[in-house]
Structure formats: C-alpha cells, structure tokens
Amino acid sequence: MQSFGSGLPSKPLSMPPKQLNKPAGPAYSQSIFINCPFDGQYKQLFEAAVFTVYYCGYWPRCALEVYDSGQVRIEKIFKLIEGCHFGIHDISRTELDTDSQLPRFNMPLELGMFLGAQRFGTGRQKTKNCLVFDREPYRYQKFMSDIAGQDIAAHAGDPATLITQIRDWLSAVARPNKQPGGQAIATHFEAFRKDVPDICAKLSLVPNELTFVDYGNVVGAWLTLPQFGP
Amino acid sequence: MQALKFSLGVVMKSTTTTIRKRTASDAPRVKQIKKLPRRTGRLKVADIRKAVDAVVRERLAVEAAQHATEAAE
C-alpha cells in the first residue's frame with residue numbers, strides 16, 4: 001500500500017493546530033468564501049474544495065455555516081462575503097430541480113454579491129479575488145454571458161481537476177506557500193476520503209451526518225497529524 | 001367618557017393581571033430550562049481529534065505491517 005506524504009514538506013500547513021480550533025472568525029486575508037451547490041451530486045467536489053482550502057492554509061467559509069440559524073440568510077451571506085478576501089464560485093449547476101422543474105439561482109446571486117462587493121466596496125473589499133468554475137470551458141457564455149472576459153475555470157466534474165485549479169489559483173493570487181502540486185493534494189484527498197467512514201464510525205456518525213463545521217474540524221485534525229512527516 | 005375610562009381600566013387591569021399571571025406561572029419553567037444541560041449540536045473538537053488520530057494511527061500501523069511482510073517475503 002502506498003504511504004502518503006512522501007513529497008510533502010515537513011509542515012504542510014501554514015496554520016498551527018490551535019488555530020484550527022479557534023471558535024472566533026478567521027482573518028479576512030485567510031478566508032475563502034465557497035459558493036457552490038450543496039446537494040449529494042456535488043458533495044465530492046465540495047469536499048474536495050474544502051479539503052484543498054484547508055490544505056493550502058486557508059479557511060473555507062460558506063452559507064452552510066448560517067443555514068441553521070434563525071437570522072435572515074442573505075444578511076449572513078453578506079457578512080460572510082464581507083469577511084472573505086477570496087471566493088470560489090461554481091456556476092455549473094444549471095439543471096432544473098427535479099421536484100420544482102426550476103433552476104437554482106443561489107450560486108449566480110452569490111457570485112453577483114461577491115463581484116458587487118469587489119466593485120463597489122471600499123478599502124480591503126476592493127482587493128477581493130475570486131475563482132469561477134463551470135463544468136466545461138466557455139459553456140457559461142450561453143447562460144451568463146455578462147461575465148465573459150473573466151477567467152472561468154472548468155473542472156469537468158472531476159475532483160482532482162478542481163483541486164489542481166484551486167491550488168494553482170491560490171499560488172498565483174495569494175501569498176506564495178510551499179505546497180505540493182495539485183495531483184499530490186488530490187492523492188491525499190483520496191486517502192482522507194477512505195479514512196472518513198472509520199472516523200465517523202468512531203464518532204457514532206455516518207459520513208452524511210457530518211455538518212460543514214464538523215467536516216472542517218475533521219479535515220483540520222487529519223491534516224495536522226504527523227502522517228505527513230519527513 | 002365614563003365608558004372610555006371603564007374600558008381603559010378594564011384593559012389595564014387585564015394587561016396587568018396577564019403579566020402578573022404569566023410571570024408567576026412561568027417562573028418555575030424558566031428555572032427548569034436553565035437547569036438543562038446546554039447542547040450546541042456540534043461535536044467536540046477534542047473528540048474529533050481523538051477519532052482522527054486513532055483511525056490514522058491504525059491505518060499507518062496496517063501499512064507498516066504490510067510493508068514489513070512484503071520485505072520479509
């Protein structure tokens with residue numbers, strides 16, 4: 001069996017373990033807003049994005065943090081976007097909902113909110129940077145032509161491609177961080193996914209019951225273990 | 001005027017009575033609620049760490065044993 005972490009630096013994460021447990025909100029410059037579908041069909045891509053963000057030393061933030069509370073959702077999403085320097089937006093979900101036969105517009109709406117904050121915000125809001133995903137290159141021009149001219153990445157529904165795109169984007173726009181390539185991170189993500197059912201079993205859960213916050217804590221704990229040592 | 005005074009008096013009296021009654025009847029319940037343990041619904045980070053640590057160590061031990069077996073063969 002393959003052992004993991006052979007190509008990793010001795011300290012793969014730039015944040016110390018204690019910081020992962022911090023209940024207070026993470027710093028603006030370290031926060032990445034993830035705007036994507038949350039259904040079962042997209043789950044693997046979503047988890048890959050969360051894993052990569054943690055792996056690169058950043059904090060994933062998303063609307064799942066606020067869905068359970070009683071406050072007005074859009075206000076909390078505005079707060080989340082305001083508190084994130086970076087954003088990962090996936091606009092690939094254009095299919096009609098099977099029950100309602102209507103499309104879901106939350107992702108384009110939240111992308112618009114992010115771009116609006118970047119355009120009309122002041123101070124650090126002006127420095128926002130985002131990565132926009134679709135399934136295929138240039139497909140977005142048929143349903144969201146107004147964002148033509150921006151660099152839209154295509155993940156083709158493949159977690160490894162998504163991981164590589166996020167890693168390369170972060171390397172380009174954020175503080176350079178000694179990270180392995182996207183394929184190495186994808187290999188670690190696969191290893192992590194194999195461990196998740198056993199971890200959940202020890203916590204008397206099934207993997208589908210992990211909330212976003214708990215999933216993040218599991219990823220954080222997994223990445224800080226000495227399995228990546230030299 | 002008399003009618004207005006009467007109706008105002010009734011409203012005020014009934015409001016006051018309601019508030020008094022509610023306060024009095026709810027007091028024991030509030031105390032009970034406060035006594036219940038607080039649950040956040042989230043897992044404790046320490047428990048997650050323990051679980052992750054145990055699973056990864058088990059996997060690494062299995063991998064090490066397999067490597068040793070292969071090397072011996």
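Reminder, nothing fancy here: chain letters follow the sequence lines and each chain counts from 1.
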### Task
Measure the spacing between CZ of B/Arg49 and CG of A/Asn217 and express it to the nearest 0.5 Å.
8.0 Å

### Message
Tell me if the NZ atom of A/Lys43 is crowded by more than 12 foreign heavy atoms within 6.0 Å.
### Response
yes

### Task
For atom CD of A/Glu209, decide whether the heavy atoms of other residues, nucleotides or ligands shown that lie under 6.0 angstrom number more than 12.
yes

### Message
Would you compute the distance between atom NZ of B/Lys44 and atom CG of A/Leu203 and round it to the nearest 0.5 angstrom?
### Response
12.5 Å

### Task
For chain B, find which of A/Val218, A/Leu205, A/Ile199 contributes the most heavy-atom pairs closer than 4.5 angstrom.
A/Ile199

Anything under 3.5 Å between a donor and an acceptor, one on a side chain of residues 82-92 of chain A, the other on a protein residue two or more places apart or in another chain? List them.
| from | atom 1 | to | atom 2 | distance (Å) |
| --- | --- | --- | --- | --- |
| A/His85 | NE2 | A/Thr127 | O | 2.9 |
| A/His85 | NE2 | A/Thr127 | OG1 | 3.4 |
| A/His89 | ND1 | A/Asn35 | ND2 | 2.9 |
| A/Asp90 | OD1 | A/Ser92 | N | 2.7 |
| A/Asp90 | OD1 | A/Ser92 | OG | 2.5 |
| A/Asp90 | OD2 | A/Tyr42 | OH | 2.4 |
| A/Asp90 | OD2 | A/His155 | NE2 | 2.7 |

### Task
Could you pull out all residues at least two apart from A/Asp168 that satisfy side chain to side chain contact (heavy atoms under 4.5 Å, CB included)?
A/Thr164

### 4.5 Å side-chain heavy-atom contact, A/Lys202 and B/Asp47
no

